[in-house]
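Have a look at the structure below before the remarks.
Position 1 is the first residue of the sequence; numbering continues from there.
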Amino acid sequence: MTADDRTHSTPPTLAEDLLLLLFQPGSGTIAGENTLFYVLGGAVLADLALGDHLTTVDRGRIRSVPDHPPSNRLLRPAWDYLAEKPRGVQTALAAIGPALREPVLQRLVARGDIDQESRRVLGLFTSTALREGRTERRTRLLADVRQALVDGVQPAARVAALGALLSASGTLPQFHREIPWNSSVIMRAKELERGDWGADATAQAVTRTVTATVVNSTVVAVTLLAPR
């Protein structure tokens with residue numbers, strides 16, 4: 001089985017969904033590049049929390065749930081890192097985040113969600129251009145997040161976490177054409193960051209707490225620790 005086959009046989013991770021949303025089809029760029037590794041790291045940790053692979057310990061630190069590793073190869077290094085000992089979330093973000101962009105992007109390319117092509121510049125240099133793929137999955141993800149932020153629909157746990165991470169990235173204003181940037185959207189986004197997902201969200205209270213801890217630490221990393 002090739003790497004591409006393995007990608008197609010496993011559901012997308014939260015980090016893949018987040019990077020796909022942050023991809024801007026009109027320009028071929030990714031929103032929030034300067035702080036991308038923080039939010040991708042947050043997405044991996046949130047995915048571990050949603051799968052009950054992660055828990056909190058004293059003073060808000062996190063650790064892996066013993067003997068319950070994730071099967072997804074993208075998530076396993078973070079689980080292994082946090083299995084060594086409990087760590088602060090921001091420490092974990094800085095450790096696992098920087099290596100994520102390329103493998104996550106290549107998964108999206110392998111799935112056909114994003115197309116990647118080489119172009120010649122001035123007949124001398126080769127550059128890589130990104131454009132929207134053929135799956136329309138980005139459109140569906142954006143519609144799910146819009147329902148949670150704009151239409152008042154109580155989201156499934158993964159959609160809630162995705163909306164919270166998108167808010168944490170600080171890029172929501174760039175989605176104003178699809179998601180109006182107004183006071184009600186800002187308020188709902190902050191609710192998702194806190195783990196207030198609504199009674200129908202399929203996630204235990206402990207899962208929401210761990211995810212909210214991850215998301216809020218991501219907010220701090222993006223707003224205070226990122227280089228200006």
Discussion item. Nearest 0.5 angstrom please: T10 OG1 to L74 CG, how far?
Written reply: 9.0 Å
Item to complete: Please round to the nearest 0.5 Å and tell me the distance separating atom CG of L18 and atom CG of L22.
Response: 4.5 Å
Item to complete: Can you measure from CH2 (W197) to OG1 (T207) and round to the nearest 0.5 angstrom?
Response: 7.5 Å
Item to complete: First locate atom CD1 of I30, then atom OG of S169, and finally report the distance between them rounded to the nearest 0.5 Å.
Response: 12.0 Å
Fill in: Selection residues 68-98 - residue pairs positive for ring-ring contact (aromatic ring centres under 6.0 Å, His included), sequence neighbours left out
H53-H68
Discussion item. If the condition is side-chain contact (heavy atoms from CB on, under 4.5 Å), which residues does D151 pass it with, not counting sequence neighbours?
Written reply: R146, Q147, V153
Worksheet item: Does R87 offer a backbone N or O that forms a donor-acceptor pair with the side chain of T91 under 3.5 Å?
Response: no
Fill in: Note, L21 side chain near L162 side chain (heavy atom, < 4.5 Å)
yes
Worksheet item: Take atom CG in D67; do more than 12 heavy atoms of anything else shown fall under 6.0 Å from it?
Response: no
Worksheet entry | Salt-bridge criterion met for D113 and R107 (N-O under 4.0 Å) | no
Worksheet item: What's the shortest heavy-atom distance between G60 and T213, and which atoms?
Response: O-CG2, 3.9 Å
Worksheet item: Taking the side chain from D47 and the backbone from A43, do they hold a donor-acceptor pair closer than 3.5 Å?
Response: no
Worksheet item: Would R140 and D144 pass as an ion pair if we require N to O under 4.0 Å?
Response: no
Practice prompt. Would you give the length of the straight line joining atom CG of D17 to atom CG of L142, rounded to the nearest 0.5 angstrom?
Written response: 12.0 Å
Fill in: Donor-acceptor pair, side chain of R188 and main chain of L149, under 3.5 angstrom
no
Practice prompt. Evaluate the side-chain proximity of Q116 to Q106: yes if any heavy-atom separation is below 4.5 Å, no if none is.
Written response: yes
Practice prompt. Just do the side-chain contact (heavy atoms from CB on, under 4.5 Å) check on L165 and V39 with the steps written out, would you?
Written response: CA-CA 7 Å; L165 287 161; V39 293; 5.5 Å; no
Discussion item. Would S167 and E193 count as a side chain to side chain donor-acceptor pair (under 3.5 Å) here? Give the steps.
Written reply: CA-CA 7 Å; S167 176; E193 289 180 16; 2.5 Å; yes
Worksheet item: Looking only at atom types and distance, does a side-chain atom of R63 sit under 3.5 Å from a main-chain N or O of L82, one as donor and one as acceptor?
Response: no
Worksheet item: How long is the span from the OG1 atom in T29 to the CD atom in Q174, to the nearest 0.5 Å?
Response: 8.0 Å
Practice prompt. Indicate whether any N or O donor in one side chain lies under 3.5 Å from an N or O acceptor in the other, for N72 and T13.
Written response: no
Item to complete: Inspect the contact between E16 and R111 and indicate whether a charged nitrogen and a carboxylate oxygen are less than 4.0 angstrom apart.
Response: yes
Worksheet item: Is the side chain of S64 donor-acceptor paired with the backbone N or O of P66 at a distance under 3.5 Å, no angle test?
Response: no
Worksheet item: Taking everything shown except E136 itself, do over 12 heavy atoms lie less than 6.0 Å from its CD?
Response: no
Discussion item. Applying side-chain contact (heavy atoms from CB on, under 4.5 Å) to T218 and L93, what does each step give before you reach the verdict?
Written reply: CA-CA 8 Å; T218 304; L93 293 175; 3.8 Å; yes
Worksheet item: Regarding S27 and Q24, is there a side-chain donor-to-acceptor distance under 3.5 Å anywhere?
Response: no
Worksheet item: Are D196 and K190 within salt-bridge range, i.e. N to O under 4.0 Å?
Response: no
Worksheet entry | Inter- and intrachain pairs under ring-ring contact (aromatic ring centres under 6.0 Å, His included), touching residues 159-189, at least two apart | none
Practice prompt. For atom CZ of R177, decide whether the heavy atoms of other residues, nucleotides or ligands shown that lie under 6.0 angstrom number more than 12.
Written response: no
